[in-house]
Amino acid sequence: MNKPFRRRDLLGIRSLSAEEIVGILNTAENFREINAREIKKVPTLRGKTVINLFFENSTRTRTSFELAAKRLSADAVNISVSSSSVAKGETLVDTALNLDAMQPDCIVVRHSSAGVPHQLAQVSRAAIVNAGDGANEHPTQALLDAMTIREHKGKIEGLEVAIVGDILHSRVARSNIHLLTKLGARVRVAGPKTLVPADFSHFVDNGLEVCPHIEDAIDGADVVMILRIQKERMDSAFFPTLREYSIHYGLTNERLELARPDAIVLHPGPMNRGIEISSDVADSSRSLILDQVKYGVAVRMAVLYLATGGAAVGE
Ligand code: CP
């Protein structure tokens, strides 16, 4: 029998079963239509409180968690590091304990250090949701990517997925590799040698191929996922210039021709146009970048609902 998602915290995809992932995606499908209504509000989380605690910049994730909370009638509070007492020297754990003392139901956290959500989950009474921790995981991004793929391909099992770019610094790549391989996709990655971790082919037990060239990864792919160059996480030169990166690793229409004729293009955002992806590709009908953002709200509604005690679809 399938086991649904029933967890207090969402810390990553790695610890979830395929059934739990499908349970979250099916729950998100149920919430999706609320976002298309004229009055985008239901009372599902009335009386619940969600705190968005972001120590790194964000446009998509923070806004969509806030919208998700508000559309479910939860009270949402946003805290950024520049306006919090962390700037006065308070420790992360003390900040979390103080926020927890105000009895929120859920704390959504983004931090530049891997493992911060896991650390907070040990001291907090509220459910902790990982909105991105360093280069470790970005579980809701992988879930919204999966929702986008399911919507346009009807399935994930058996698909060939190319993930291209700055793999080394990418939490999006790691969460997606866990999710896609758990659901039966075959994943290939490619990027400059300096931006692909050594021994990455062993990152998951099966289904991951490290390709020497971007063309090898894209060849015959059903899904091409392009990653942002994460300049903020680079403390040395990983490639000579952005122009050279774009020449050798940028997704152009010419390179996309190698993929299947019905291949779709994903990018988590924010995009560096003309570097990892050409504007022609980013703005083409094969690009589902704004669909990803749209489904992000439904996924985060599902995650907040489940993290605060809701039952998954199928449960
Ligand atoms: N994809 C993503 O995490 O975007 P933001 O950094 O804008 O949240």
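Both backbone and side-chain heavy atoms feed into the values below; hydrogens, waters and symmetry mates do not. Order of listing sets the numbers, starting from 1, for every ligand and every atom in it.
- Every side chain to side chain donor-acceptor pair (under 3.5 Å) that R110 has, sequence neighbours left out, goes to T61, H138.
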Could you check ligand 1 for N or O atoms lying under 3.5 Å from protein N or O atoms and list the pairs with distances?
unit_1, atom_1, unit_2, atom_2, d
ligand 1, 1 (N), Q141, OE1, 3.0
ligand 1, 1 (N), P268, O, 2.8
ligand 1, 1 (N), G269, O, 3.3
ligand 1, 3 (O), T61, OG1, 3.0
ligand 1, 3 (O), R110, NH2, 2.9
ligand 1, 3 (O), H138, NE2, 2.9
ligand 1, 4 (O), R60, NE, 3.0
ligand 1, 6 (O), R110, NH1, 2.9
ligand 1, 7 (O), T59, N, 2.8
ligand 1, 7 (O), R60, N, 2.9
ligand 1, 7 (O), R60, NE, 3.0
ligand 1, 7 (O), R60, NH2, 3.0
ligand 1, 8 (O), S58, OG, 2.6
ligand 1, 8 (O), T61, N, 2.9
ligand 1, 8 (O), T61, OG1, 2.6
ligand 1, 8 (O), R110, NH1, 3.4
ligand 1, 8 (O), R110, NH2, 3.4

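- Counting only residues at least two apart or on different chains, the ring pair (Phe, Tyr, Trp, His ring centres under 6.0 Å) pairs with a member in residues 242-270 are F239-Y245, Y245-Y249.
- Residue pairs meeting the ring pair (Phe, Tyr, Trp, His ring centres under 6.0 Å) criterion with at least one partner in residues 60-88, sequence neighbours excluded, are absent.
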Using side-chain contact (heavy atoms from CB on, under 4.5 Å), reason through L99 and L53 one step at a time and then give a plain yes or no.
CA-CA 10 Å; L99 293 175; L53 179 60; 3.9 Å; yes

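- Under the side chain to side chain contact (heavy atoms under 4.5 Å, CB included) test applied with Y295, the options M147, R150, R300 reduce to a single match, M147.
- The backbone N or O of E157 lies less than 3.5 Å from no partner atom in the side chain of R186, so there is not a single donor-acceptor pair.
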